[in-house]
Amino acid sequence: STPPSTPTPPAPAPTPPTVGNASLSWVPPTENVDGTALVDLSGYRIYYGTNSSSLDRVITINGVGTTRYVVDNLTSGTYYFGIRAVNSAGAESAMSGIASKTIG
């Protein structure tokens with residue numbers, strides 16, 4: 001008689017990537033680089049990416065009342081974030097300090 005066959009174990013299910021978010025907040029600027037009062041702030045641009053020297057994704061925030069933003073659906077990895085203030089003519093400030101967050 002033939003020995004009973006051993007069933008093949010099921011293949012492990014792939015592990016879904018970890019998904020997280022980064023909560024950012026900032027203090028609105030009150031003056032221009034030359035020290036004069038900032039009177040035409042119109043919004044912000046959040047720059048981010050997985051390389052601190054190449055922030056290749058941009059989120060535009062119109063309006064000056066927003067000082068918090070949550071970047072959602074970030075998969076596993078380390079992300080770097082910077083923000084620039086934007087005036088009514090579309091000119092951007094210098095980049096803020098760079099912050100980072102690791103997901104997963």
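Below, each value reflects all heavy atoms present in this structure, side chains not excepted, and no hydrogens, waters or symmetry copies.
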request  = Look at the aromatic rings of Phe81 and Tyr48 and report parallel, tilted or perpendicular, splitting at 30° and 60°.
outcome  = parallel

State plainly whether one hydrophobic cluster holds both [X] and [Y], where clusters connect Ile, Leu, Val, Met, Phe, Trp and Tyr through side-chain heavy atoms under 4.5 angstrom apart.
{"X": "Tyr44", "Y": "Ile98", "result": "no"}
{"X": "Tyr79", "Y": "Leu55", "result": "no"}
{"X": "Met95", "Y": "Val58", "result": "yes"}

Taking [X] for its side chain and [Y] for its backbone only, find out whether a donor-acceptor pair lies under 3.5 Å.
{"X": "Ser93", "Y": "Ala85", "result": "yes"}
{"X": "Lys101", "Y": "Asn21", "result": "yes"}
{"X": "Ser96", "Y": "Gly82", "result": "no"}

Close side-chain approach of [X] to [Y], heavy-atom, < 4.5 Å:
{"X": "Val71", "Y": "Arg57", "value": "no"}
{"X": "Thr50", "Y": "Tyr80", "value": "no"}
{"X": "Pro28", "Y": "Val64", "value": "no"}

task = Using distance alone, with no hydrogens and no angle criterion, decide if Tyr47 and Glu92 have a side-chain donor and acceptor under 3.5 Å apart.
result = yes

task = Please list, chain by chain and in numerical order, all residues satisfying side chain to side chain donor-acceptor pair (under 3.5 Å) with Thr78, sequence neighbours excluded.
result = Thr102

query = Looking at CG of Asn87 and CG of Leu38, how far apart are the two atoms once the value is rounded to the nearest 0.5 Å?
reply = 7.5 Å

ask   = What pairs meet the side-chain hydrogen bond (donor to acceptor under 3.5 Å, both in side chains) rule with one or both residues in residues 61-71, with sequence neighbours excluded?
value = none

ask   = Can you pull the side-chain hydrogen bond (donor to acceptor under 3.5 Å, both in side chains) pairs that have at least one residue in residues 23-32, sequence neighbours excluded?
value = Asn32-Thr36

task = Show your reasoning for whether side chain to side chain contact (heavy atoms under 4.5 Å, CB included) applies to Ile46 and Ile61.
result = CA-CA 8 Å; Ile46 297 170; Ile61 297 173; 3.6 Å; yes

